[in-house]
Amino acid sequence: MKRFLVFLVVVAVFLAGVYVWTHRRVTPGGRSPFTPATQPVLDLSNVHVLSAIDQENESVVDKVLPSVVSITTSKKVETGTYIFDPYHGLSPQLADLSVLGSGVIVSKEGHILTNYHVVADTEKVQVDLNDGRVVPAEVLGGDPETDIAVLKIKADHLTPLHLGDSDDVKVGQAVFAVGNPLGLQETVTHGIISAKSRVVEESHQEYFQTDAAINEGNSGGPLVNLQGEIIGINTRVASPQANHLQPQGLSFAIPSNVARRTMESIINYHRVVRSYLGVNVDRLPPDMAAQLGVNSASAVVMDVKSGSPAEGAGIKKGDVITKFNNREIAGPLDLYNRVAETPVDTVVPIAVVRADGKTVNLSAKIIERPADFQSTAASIL
């Protein structure tokens, strides 16, 4: 019996050894065998289209990065606590508050576009260039309405980016957002134009919507097309309450034409000069459009301001503005942009359709918007 048990133990040990040897072979040095792949599963010639796209993307980013800067602003703010001075008594304790943002060089002389909210009420602005240089910047001016500001730095060997025509931007076209999100310089995200002519929070400002990820710190950086042209200035995410660590694919950029107008006004006049027509307009109801035989996207005049260019041109309440400066009007926001891009003192033709369905051709001389002008949701010009 004992011999039989010993036999069973020997057989069990033998079988266990065979199992280990079969399933866990080791090399003479005690290492498990490892045979890695020696080449990719696809040759670039098999994915030549994707490879070409990849190379083109690299080319765009390589040309754009030298023009994008990181911006750091600082100012003194009250901490909520007080310190006692025997000569002055209690005074609020102050601390330095820094804000990070982005910007883009738009001239060889050192002009930089960024967001107004990045540099608003700041005491010191510092710009980090792509090549490692850190230089102070002067705020030439800013506009809270468009959220655009212009900085100026003194530095040589600068590479400006071209401001493209945002009117040519199409929904679906590829874009790159470049900036300094969360302090991570030279960050590039990629997406498409998701929508145009977005209006956020009752603003009259037009925005591009993009799914290129934009985070805190991207503000003021460029949104560029496949030619490396600036077509927008990145400014905000879908909601100020949104978690900035979780981009939702809903980001917004100020169209380049809006940024250009603001920039040129600040540089040329040291302030923002706005064009003015003097009408309250709203979107034309579909039933009224059908009755008049016009596009429902046209703008109907709700009121005409006394003494305005519109009054002088003969525009009346109830008129439907179908053309401005020989361009078809696609709603109130489009009319706002057409007026905004018209230089002051320019005489423009305006086509209106009256209540009787007749088209009347008028002309108005655009003036600078009065200082006491107040805008509402239906009063934008």
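The stretch residues 125-136 participates, sequence neighbours left out, in these salt bridge (Lys or Arg N to Asp or Glu O under 4.0 Å) pairs: D131-R133, R133-D156.
Between N225 and E229, the side chains place a donor N or O and an acceptor N or O closer than 3.5 Å (distance only, hydrogens not considered).
In this view, Q39 satisfies the side-chain contact (heavy atoms from CB on, under 4.5 Å) rule with no residue, not counting sequence neighbours. With sequence neighbours excluded, the residues satisfying side-chain contact (heavy atoms from CB on, under 4.5 Å) with T114 are I71, V118, V119, A149, L151. Take N326 and apply the side chain to side chain donor-acceptor pair (under 3.5 Å) test, not counting sequence neighbours, and it matches no residue. In this structure, the side-chain contact (heavy atoms from CB on, under 4.5 Å) partners of V344, at least two apart in sequence or on a different chain, are V273, S275, E368. Residues satisfying the ring-ring contact (aromatic ring centres under 6.0 Å, His included) test with Y116, not counting sequence neighbours, are none.
Using bins of under 30°, 30° to 60° and over 60° for the plane-to-plane angle, the ring pair H190/F176 lands in the tilted bin.
The shortest side-chain heavy-atom distance between V339 and V348 does not fall under the 4.5 Å cut-off. Using a 4.5 Å heavy-atom threshold, the side chains of V175 and F208 count as separate. Using a 4.5 Å heavy-atom cutoff, the side chains of L163 and L113 are in contact. Inter-residue side-chain proximity for T159 and N130 is flagged as unmet; no heavy-atom pair is nearer than 4.5 Å.
With salt bridges taken as basic N to acidic carboxylate O contacts below 4.0 Å, one links R338 and D167. Contact check on R261 versus E206 returns no salt bridge, with no Lys/Arg side-chain nitrogen under 4.0 Å from an Asp/Glu carboxylate oxygen.
For K152, the NZ atom counts as densely surrounded, since its 6.0 Å shell holds more than 12 non-hydrogen atoms of other residues, nucleotides or ligands.
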